[in-house]
Amino acid sequence: MYFSKLFGKTLKEIPTEADSISHQLLVRAGMIQQVAAGVYAYMPLGWRTLRKIEQIIREEMDAAGGQELMMPSLQPLEIWEQSGRLSSFGKTMFTITDRKDHKLVLGPTHEEIITDLVRRYVQSYRDLPLLPYQMQNKFRDEPRPRGGLLRVREFIMKDLYSFDVDEKGLEMNYQRTVQAYKNIYSRCGLPAVMVEADSGAIGGKASHEFMLVTESGEDMIILCPKCGYAANTEKARSIKKKPASTKPLPLEEIATPGIKTIEEVARFVGIDKNNTLKAVFYVADGDIIFVTIRGDIEVNETKLKNILKCTDLHLAADAEVKAAGLVAGSASPIGLKNIKIIADESITTGGNFVAGANKPDTHLKNVNYPRDFTATIVADIATASAGDQCPGCDGILQSQNGIEVGHVFKLGTFLSERLGAYFLDSNGVSQPIIMGCYGIGVGRLLAAAVEQNHDEKGIIWPLPIAPYQVYLCGLRLEDATVSQTAETVYKGLIAKGIDVLFDDRIESPGIKFNDADLLGIPLRLTISPRALQNKSVEAKWRQEKQAQMLPLDGIIDAVEKMLTDKSKR
RNA sequence: CGGGGUGUAGCGCAGUGGCUAGCGCGCAUGGUUUGGGACCAUGAGGUCGGUGGUUCGAAUCCACUCACCCCGACCA
């Protein structure tokens, strides 16, 4: 490709809209362009990289036994009603009405469609297992798109689905896919970490996410440096420090004028936060819920949501709290009636807590569970945090931000039962097909690769996903010797099947070198009068400081060797 | 959905009631330059996000509205 003919321009200045590094660099490099909030066009350079990533994914999916297919983006609304996932997607679903007043959705994913296709095809256990996959646009009306390609409303996603006759088959396909994912990330230059994840309201037995650890990530992950335990905060378990155990003392009322928050209570009474009980009010599908947890711990809403099995959960608004007759700031589980109380397990460790008294400006001392109150449900609803002890060993947990670059689920039989995907087993008994699904956001992976691989000058593409492998830079192209040599080298490299971007512009060296760095093409070849005097060409890896001089004679083979050596490493 | 912010040339910005709306980058033409974003000259490019209002007069004041960004809520 001749740079002078390229559709797309580099920008010297950072676009105001761009906040994350990947967004800034991708826009400045002319690889993507925003069309609407969370909607982007891939310009030729960006599209080349995207296609290279797709190809890597495709190769790994095929190697794992996958079969690629194509499914529609337009999907009938009914199938989503049937699967019961219309409400779980809620407003995130783009819906449209056709001219016959028929409701359709722009598919946010394709589990429903693929299950329907499989249902029509599979009759016997002999038709299984199946591993279909697809890479295509999905649509989600996210409440807030952000970070350039990191969270968008229209995006290309690879989804692989597994259909098996038994748990053993599911487990095998799960493990094979996990391995394929690891291969994909390493080929894209991403050190992704596999973590335990929440599978959401959809259910399923197990779920893992692949995370790229980085500051700009919107997810929080918990890691144990000692045993390798890793989980999304939504899912993470931990062992909290236990307060010293004491003998239960008699309940005692204390006046606490103007004292509301846990910090204030602890300071006022002169105790640690872990000797207090916190009260938090939620509304779950319209019902007010009283949640109590030790004062030093935060409620994990994902865990709470899973326990309540509700689709909507939010913190109660002041009006909702008042209407339920609760006293914010001095609320207490003691003496409450006709209200669901969910307690965290932490209340069973420690005792003689200070809690609210359900009277303004009053708290209770020496509250003990279960002597003074009972809970409807006692469960783990605690947020694990850095500094807690690992649930699996005596290590101390750490927390990091991460970008989710892949998610695998063991779905089980939820969807196959809902949508009627059954098969006859070898005994002639009808069984629901056991499903798994495995997703990778391709555009997000591209953005993550930039977040991970850049410097102050620009992107540093890993060789396998660079839009071009070689940046051929001609200096003083009005010099016929230079331009003829550059042209010959360009043609020679192309003949070898090497992707070359030939900077044939009449520009100053500074502009060309800066653009080369910004675009992040792995290998830069410079052809200039100065180098040609010694019958040589300068070669420089983007990621290295030092350039080297190669003899012009045999330059094509030398470059080819450099590239193949590089890709072996 | 709540809070905050921004909309003026392709990009980044200045312009708080007064004449023909500016600057830098980029772009076009000519010339001088040429190994890390060169210089000179000339030039093209604007519904000042939109609608309505106030005023002799509005990019500027008021109301409504739209778009985009950030924080939160939310989010496979």
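None of the values given here were measured: they were computed from a predicted structure.
Within the 4.0 angstrom heavy-atom criterion, no nucleotide atom of any strand lies near A:R444. Contact annotation for A:L315: no contact, since no heavy-atom pair falls under 4.0 Å across all strands. Here A:Q34 lies in heavy-atom contact (under 4.0 Å) with sugar-phosphate atoms only. Residue A:L475 is classed as a base contact, given a heavy-atom separation below 4.0 Å to a base. Across all strands, A:I527 comes closer than 4.0 Å to no nucleic acid atom at all (heavy-atom distances). Contacts of A:G147 with the nucleic acid, taken as non-hydrogen atoms under 4.0 Å apart, involve only primed sugar atoms and P, OP1 or OP2.
Counting to the nearest Å, the P atom of B:C71 and the CG atom of A:N401 are 12 Å from each other. Protein atom CD of A:E142 is 15 Å distant from nucleotide atom P of B:A73, rounded to whole Å. Across the protein-nucleic acid pair, A:E301 atom CD and B:G72 atom P stand 14 Å apart, rounded to whole Å. Atom CD in A:Q546 sits roughly 19 Å away from atom P in B:G35 (whole-Å rounding). With rounding to whole Å, A:L11 atom CG is found 8 Å from B:G12 atom P. In this structure, A:E456 atom CD and B:G37 atom P are separated by 15 Å, rounded to whole Å. Atoms CG (A:D141) and C1' (B:A73) sit 15 Å apart, rounded to a whole Å. If you take CG of A:D19 and C1' of B:G12, they are 16 Å apart, rounded to a whole angstrom.
If you check residues 148-155 of chain A against RNA chain B, the residues with a heavy atom closer than 4.0 Å are A:R151, A:F155, listed by number.
Formation of a donor-acceptor pair under 3.5 Å by the A:R444 side chain with backbone atoms of A:E404 is found in this model.
Classification of the A:F89-A:W80 ring pair by plane angle, with boundaries at 30° and 60°, yields perpendicular. Aromatic ring pairs are classed by plane angle as parallel below 30°, tilted from 30° to 60° and perpendicular above 60°; the pair A:H407 and A:F409 is parallel. Ring pair A:Y40/A:H23 is perpendicular by interplanar angle, where above 60° counts as perpendicular and below 30° as parallel.
Relative to the six-membered ring of A:Y174, A:K410 meets both conditions, a distance below 6.0 Å and an angle of at most 45° to the axis. For the pair A:R524 and A:Y471, the cation-pi test (distance below 6.0 Å, angle within 45°) is failed.
B:U8 sits 10 Å from B:G22 when the C1' atoms are compared, rounded to a whole Å. Straight-line distance between the P atoms of B:C69 and B:C23: roughly 31 Å, to the nearest whole Å. Comparing the P positions of B:C39 and B:A44 gives an interatomic distance of 23 Å, to the nearest angstrom.
Around the CD atom of A:E81, the shell of radius 6.0 Å holds more than 12 heavy atoms that belong to other residues, nucleotides or ligands. Around the CD atom of A:E215, the shell of radius 6.0 Å holds no more than 12 heavy atoms that belong to other residues, nucleotides or ligands.
With hydrogens and angles ignored, no donor-acceptor pair closer than 3.5 Å exists between the side chain of A:R144 and the base of B:G4.
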Can you pull every protein N or O that's under 3.5 Å from an N or O on nucleotides 23-33 of chain B?
residue	atom	partner	partner atom	Å
B:G24	N2	A:E13	OE2	2.8

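Nearest nucleotide to the A:P143 side chain, out of B:A73, B:C70, B:G35: B:A73. Checking B:G12, B:G35, B:G72 against the side-chain heavy atoms of A:R146 singles out B:G72 as nearest. Out of B:C13, B:G35, B:G36, the shortest distance to the side chain of A:D517 is found at B:G36.
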